[in-house]
A.B. asks: 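My structure is below; once you've seen it, I'll send some questions.
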There are 2 protein chains.
Amino acid sequence: MHEFDLIARIRARAALRGDVVLGIGDDCALLAPPAGMQLAVTMDTLNVGVHFPADTVPYDIGWKALAVNLSDLAAMGAQPAWCTLSLSLPGADAVFLDGFTDGFLTLAKQHDFALIGGDTTRGPLSISVTAHGLVAPGSALRRTGAQVGDDVWVSGTLGDAAGALRQWQQGDAMTPVLRERLDRPIPRVALGRALRGLAHACIDISDGLLADLAHICNSSGVGAQINVDALPASAALREAFDVATCRVLQASGGDDYELCFTAPPVQRDMLHALSQTLNLPLTHIGEIVTGTGVCCAGVDVAAAGYQHFA
Amino acid sequence: MHEFDLIARIRARAALRGDVVLGIGDDCALLAPPAGMQLAVTMDTLNVGVHFPADTVPYDIGWKALAVNLSDLAAMGAQPAWCTLSLSLPGADAVFLDGFTDGFLTLAKQHDFALIGGDTTRGPLSISVTAHGLVAPGSALRRTGAQVGDDVWVSGTLGDAAGALRQWQQGDAMTPVLRERLDRPIPRVALGRALRGLAHACIDISDGLLADLAHICNSSGVGAQINVDALPASAALREAFDVATCRVLQASGGDDYELCFTAPPVQRDMLHALSQTLNLPLTHIGEIVTGTGVCCAGVDVAAAGYQHFA
């Protein structure tokens, strides 16, 4: 396969939208953003061996490359619109490409997310995606709005992906439910959009709860007090690890792609109702307090948060 | 340096614009596109050893990574607005990062192009950029508009970057003027914008004149007849190579980042005047004809056009 065959193969399967004037196939895509809306833009890259194990199936690589970007749109409360994809491949492998495209476009379709362009190049396996969402002026969820007295909440369960990664690093078999969380994260797009007007601040958990909540605290000029016993855990995580390890994974493991947000206590009923509507656990895990930093007794905070180049 | 220090180092130097509501530092950037304008979006990746020699200086890597994306905006006649940058680095190297950022932001500043977000990850050296431009509805230059009887034009000189690459591949010293064309291409942004309303079709030359002109022909359902003796060459190229090699480099060498466009003969005077205004050679190199493909007697067309995965 040549480069142009690769592109044609992807292009043939990419769905469009009414606001895509020109999709894949020219020097640029052309888009007609709806009047009065702001654009939310994010870009994330996954490299083999860094962001996913080398034996990850192509479908899951495609899924995850898109999911981590949709998760950033979710954290802003934005409606997914368009994305571009740059794919660096060691060679032209039709089986890989078809599997990758399956995973990528299956998730895209769920969110009416149009693939409008990108690049294919030769190089070590690496995937960059730029995601564009739409949000009304003033309604985006930001990291800066947390207020003293806010409740701190998280969606879903924490630590599952990190649990799978821990098993992999130890040479153990990965628990299928945990590996699914690592390979096929679910971006909380509907939740993010529902939180506009309810939450004061929001972030998606990619580097670990404590590290990401610390971003909210730093940006908002506040501190946070977390109750480690309140952190939600899946049954699979509890089965696979002892209590102390569970806590570390929940508090500091990366790749959750859940949302962490703050909201005033007056919103508790609304948030419980939202949890029912979305069929997604929302758990009150602590409070925003005066001061700086995140306090979470019972976990070795120093170990928290994945850092590249650390 | 940690990942967040890397980001802070770039963020401190990134200039903003009035339409950037929120730049680097949250889950997404927020942008306020001007009412009634369309967005032109493109994404290109450069990998070490594939798109630039490993010994390229960091300044030039930063410059080129942005230039190839600006060149795609130029080819559509779009006004540069915002970009995102994903940088994969083997390690956190402040000297590399500062040089890279110098080159990237120096070129960005020339075009009032705001760096609004992105990603830094660990991995083999690779740079992905997504570029956003603005263009009025219906005015973008596309590949599809070439008409039989149009003149074919190119800007600047051809084959210089490919000449430098050829010298490097042969183990020869690179002629400085040619290497500058390889390492620091000039995106023809002002030309692209001036061609709106004059040109019928346009593309930037990244894969070589014949390959890229073939894209115009395929998209427009026409053929092209090129006069090889009319192809513009720099004095440096003529000095460094014999006539036959010059021709191959001009017709099929990649990395020119000049614009190739078609326009009706009635526009010749306007285009000569534009060439004067921009102080940039514009050369009439052939005609659009009925049929398919690009005919260029005197050059081995089969050798034309760089393809990844070929």
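Every chain is numbered from 1 and lettered A, B, ... according to where its sequence line falls, protein lines coming before strand lines. Here the structure is a predicted model, which means the values were calculated and not measured.
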A.B. asks: Please identify each residue that fulfils side chain to side chain contact (heavy atoms under 4.5 Å, CB included) with Asn218(A), with sequence neighbours left out.
C.D. replies: none
A.B. asks: Kindly indicate, with the supporting measurements, whether the criterion side-chain contact (heavy atoms from CB on, under 4.5 Å) is fulfilled by Leu89(B) and Arg122(B).
C.D. replies: CA-CA 5 Å; Leu89(B) 292 172; Arg122(B) 190 162 47 82; over 6 Å; no
A.B. asks: Suppose a student defines contact as a heavy atom less than 4.5 Å from any heavy atom of chain B. Which residues in residues 66-82 of chain A would they list?
C.D. replies: Asp72(A), Leu73(A), Ala75(A), Met76(A), Trp82(A)
A.B. asks: Any donor and acceptor pair, going by atom type alone, linking the side chain of Ser219(A) with main-chain N or O of His215(A) inside 3.5 Å?
C.D. replies: yes
A.B. asks: If you measure from SG on Cys83(B) to CZ on Phe104(B), what distance do you get to the nearest 0.5 Å?
C.D. replies: 4.0 Å
A.B. asks: Does the side chain of Thr45(B) come under 3.5 Å of the side chain of Ser86(A) through a donor N or O and an acceptor N or O?
C.D. replies: yes
A.B. asks: Could you measure the distance from the OG1 atom of Thr120(B) to the CG atom of Leu87(B)? Nearest 0.5 Å is fine.
C.D. replies: 7.0 Å
A.B. asks: Salt-bridge test for Asp204(B) and Arg188(B): reply yes if a basic N is under 4.0 Å from a carboxylate O, no otherwise.
C.D. replies: no
A.B. asks: Look at Ala32(A), Ala35(A), Pro33(A), Cys202(A) and state which one has the largest set of heavy-atom pairs under 4.5 Å with chain B.
C.D. replies: Pro33(A)
A.B. asks: State whether the side chain of Asn47(A) and the backbone N or O of Val50(A) hold a donor-acceptor pair below 3.5 Å, judged by distance alone.
C.D. replies: no
A.B. asks: Could you have a look at Met37(B), Gln38(B), Arg143(B) and say which one has the most heavy-atom pairs with chain A under 4.5 angstrom?
C.D. replies: Arg143(B)
A.B. asks: Assess the side chains of Ser220(A) and Thr144(A): does a donor N or O sit below 3.5 Å from an acceptor N or O?
C.D. replies: no
A.B. asks: Between Lys64(B) and Asp255(B), is there a side-chain N and carboxylate O pair less than 4.0 Å apart?
C.D. replies: yes
A.B. asks: Where on Asp119(B) is there a heavy atom nearer than 4.5 Å to chain A: the side chain, the backbone, both, or neither?
C.D. replies: both
A.B. asks: Non-hydrogen atoms of chain A under 4.5 Å away: do they reach the side chain of Leu30(B), the backbone, both or neither?
C.D. replies: both
A.B. asks: Measuring from atom CG of Asp256(B) to atom CD1 of Ile186(B), what distance do you get when rounded to the nearest 0.5 angstrom?
C.D. replies: 13.0 Å
A.B. asks: Between Leu31(A), Thr42(A), Leu22(A), who has the most heavy-atom pairs with chain B when the cutoff is under 4.5 Å?
C.D. replies: Leu31(A)
A.B. asks: Report, by ascending residue number, the residues of residues 127-136 of chain A in heavy-atom contact with chain B at a distance under 4.5 Å; give 'none' if the set is empty.
C.D. replies: Ser128(A), Val129(A), Thr130(A), His132(A), Val135(A)
A.B. asks: Can you list everything that forms a side chain to side chain contact (heavy atoms under 4.5 Å, CB included) with Ala14(B)? Sequence neighbours excluded, please.
C.D. replies: Ile24(B), Leu115(B)
A.B. asks: Does any heavy atom of chain B fall under 4.5 Å from the side chain of Ile116(A), the backbone, both, or neither of them?
C.D. replies: side chain
